Q: 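Before anything else, here's the structure in question.
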Protein chains: 2
Amino acid sequence: MLKEERLNYIVNEVKIRNRVQLLDIAQKLSVSEDTVRRDLNYLDEQGKVKKVHGGAISNSFHVYTYREDQIYAHEDKSVIAEKARQLLVDNMVVIMSGGTTNLEVARLLPDHLKLTIFTPSLPVAMQLLEHPSIETIFVGGKLSKDAQIAVGGDAIRTLSQVKADLCFMGMGNLNAETGLAEFDWDVVQLKKAMLESAKKIVVLTISEKINSSQRFNICPIESIHTLITELDPSHSKVLPFKAKGLEVL
Amino acid sequence: MLKEERLNYIVNEVKIRNRVQLLDIAQKLSVSEDTVRRDLNYLDEQGKVKKVHGGAISNSFHVYTYREDQIYAHEDKSVIAEKARQLLVDNMVVIMSGGTTNLEVARLLPDHLKLTIFTPSLPVAMQLLEHPSIETIFVGGKLSKDAQIAVGGDAIRTLSQVKADLCFMGMGNLNAETGLAEFDWDVVQLKKAMLESAKKIVVLTISEKINSSQRFNICPIESIHTLITELDPSHSKVLPFKAKGLEVL
DNA sequence: ATATTTTATGTAAAATCGTGCGATAAGCCT
DNA sequence: AGGCTTATCGCACGATTTTACATAAAATAT
């Protein structure tokens, strides 16, 4: 019995039964408990299963649940979400892109707010469904595994039929001189479509992502109207954007 | 019974019933009251439930509808998922509806399988994204809060452009005489569209949902080709469907 | 106020865990 | 082939976790 075989067996067993007990596996595979313990430790490190006292359980359900602690710079993003919230009034039509910042916005929307929100992001859509008075419309299409958003022709075509009041665009990357950029070509196309489908473009970003530079250009900085970061609007880091005529919150 | 399983069970029970009695859990799980008490204390500290005198109550509005009842009632669904898997070969185009059974199918798809899957279900889409070699296309549209799927004109229009080899339809309701039915009018329309977009319709259901009867009719039983339940194909409960010409797995 | 139920705390037994060690096997270089 | 390194595995032992039971305190009901 090779180690790889054992590992595969364990992962599979956990997948199917959702749980395994250490002793059962040890007997089933005719190895010592220690060995299984080591295997489980390894698989836990790899994120394949979740080790618990006495065995292991599946961890594949945790995907959708919201984990504040695993969101990078969560505090900052809460600040951003709070600022973003102030731009919203009842009955607006809003487009939201993906990203953890937008997820935080979605999470912190007050219950009484009535909105219609278009989004191509699975996590954002999931979060919005928990809101009592928001109508969510998912912009469908081919799903990008990395970004967990719909991209491609279908999504772009759908967006082209929308005319929204506001677009919250989470950005991994913006630069006062070169504008907005993205690493993924599909996402670039999608965000271009968003730009054209909303009257007002609001970019959300944590300050550390300002002035980095990435591969594909989306648009010049003048194409957006409002910039929201966790910083005070008077902070020097956002001055170049003010100089370009952007509203900074 | 692993400790972690107990905790999951308790959390689940609280979410579903909004309250649990300490003694009930102790009996149900065959452990001492002290143990349950400790569990409740722990879960309270973790913020998962709110402990009160004599038991615990829910402390949040978040409802993770799919995730829960699966972990414990999911044996049957694993069986169904395994049967469903056998119908799939590489390069198929598949439509999957929502529901926990389909979620289980999505979860248990073997890594090597290459498929293109259309789905209007957020949870199913989320799950499929974890698969290395499946291309997922989300059928977008207005999202139903209850069912967590896209419904309405957009979704139906998108489906009408698809021609799939197979459709896995999770059913809350089917009856050998009256056919398939649903409670929600929007979902009825959506499932009708699915029926027309796939060459072969496979209905997945746990046996307890057979022969219940619900509001709106989707189609007669003859419109579907294959029925998969957790039961043996020779079980008396599925005989009426065989008599109607269905393949039963 | 008294009786009953529920809780908190301490204790001990059992199960499980982590770790170091040595034996064996497998891979690798010369 | 021979010698060396590395990985794997089982065993032993002390540490930790988990659990049931007992008892007294607290909360609730009558």
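To find a chain, count down the sequence lines: A is the first, B the second, and so on, and within it residues start at 1. This structure is a prediction, so every number in the text was calculated from the model and none was measured.
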Q: From CD of Glu4(B) over to C1' of dT17(D), roughly how many Å is that when rounded to an integer?
A: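 Computing the Glu4(B):CD to dT17(D):C1' distance gives 13 Å.
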Q: Base, sugar-phosphate, or nothing for Leu23(A), non-hydrogen atoms under 4.0 angstrom?
A: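 Here Leu23(A) touches no strand at all.
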Q: Any side-chain N or O of Asn41(A) less than 4.0 Å from the OP1 or OP2 oxygen of dC17(C)?
A: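 Indeed not, no polar side-chain atom of Asn41(A) lies that close.
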Q: Lys3(A) has an atom NZ; how far is it from atom C1' of dT8(D), in whole Å?
A: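 After rounding, the gap between these two atoms is 8 Å.
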Q: May I have the distance from Glu5(A) (atom CD) to dT8(D) (atom P), rounded to whole angstrom?
A: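 After rounding, the reported distance stands at 14 Å.
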Q: Could you give me the CA-CA distance, side-chain angles and deciding distance for Lys50(A) and Glu4(B), then say whether salt bridge (Lys or Arg N to Asp or Glu O under 4.0 Å) is met?
A: CA-CA 10 Å; Lys50(A) 181 178 177 194; Glu4(B) 206 72 18; 3.2 Å; yes
Q: Among the nucleotides dC11(D), dA8(C), dC17(C), which one has an atom lying closest to any side-chain atom of His53(A)?
A: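 Nearest to the side-chain atoms of His53(A), counting from C-beta on, is dC17(C).
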Q: Of the candidate nucleotides dG10(D), dA8(C), dT16(C), which contains the atom at the shortest distance from the side chain of Asp34(A)?
A: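 Ranking dG10(D), dA8(C), dT16(C) by closest atom to the Asp34(A) side chain puts dG10(D) first.
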Q: With sugar-phosphate meaning primed atoms plus P, OP1 and OP2, does Val36(B) contact a base, only sugar-phosphate, or nothing at under 4.0 Å between heavy atoms?
A: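 Val36(B): no heavy atom of the nucleic acid under 4.0 Å.
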Q: Evaluate the ring planes of Phe138(A) and Phe138(B), with Trp represented by its six-membered ring, and classify them as parallel (under 30°), tilted (30 to 60°) or perpendicular (over 60°).
A: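 Plane angle between 30° and 60°, so tilted.
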Q: Indicate whether the side chain of Asp232(B) and that of Ser234(B) have a donor and an acceptor atom separated by less than 3.5 Å.
A: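 The criterion, which ignores hydrogens and geometry beyond distance, is satisfied for Ser234(B) and Asp232(B).
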Q: Gln189(A) and Val151(A): side-chain contact (heavy atoms from CB on, under 4.5 Å), yes or no, with the steps?
A: CA-CA 8 Å; Gln189(A) 301 306 314; Val151(A) 294; over 6 Å; no
Q: Please state how far atom CZ in Arg37(B) lies from atom C1' in dA24(D), giving the value in whole angstrom units.
A: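 After rounding, the reported distance stands at 13 Å.
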Q: Would one find a side-chain N or O of Lys51(A) under 4.0 angstrom from OP1 or OP2 of dG18(C)?
A: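 The answer is yes; a side-chain N or O of Lys51(A) sits under 4.0 Å from OP1 or OP2.
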Q: Hey, does the side chain of Ser32(A) come within less than 4.0 Å of dG10(D)'s phosphate (OP1/OP2), counting only N and O?
A: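 It does, given that an N or O in the side chain of Ser32(A) lies less than 4.0 Å from OP1 or OP2 of dG10(D).
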Q: OP1 or OP2 of dC17(C) sitting under 4.0 Å from any side-chain N/O of Arg38(A)?
A: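 Answer no for this pair, as no side-chain N or O of Arg38(A) is under 4.0 Å from OP1 or OP2.
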Q: What is the distance, to the nearest angstrom, from the CD atom on Glu33(A) to the P atom on dG18(C)?
A: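 Glu33(A) atom CD is separated from dG18(C) atom P by 12 Å.
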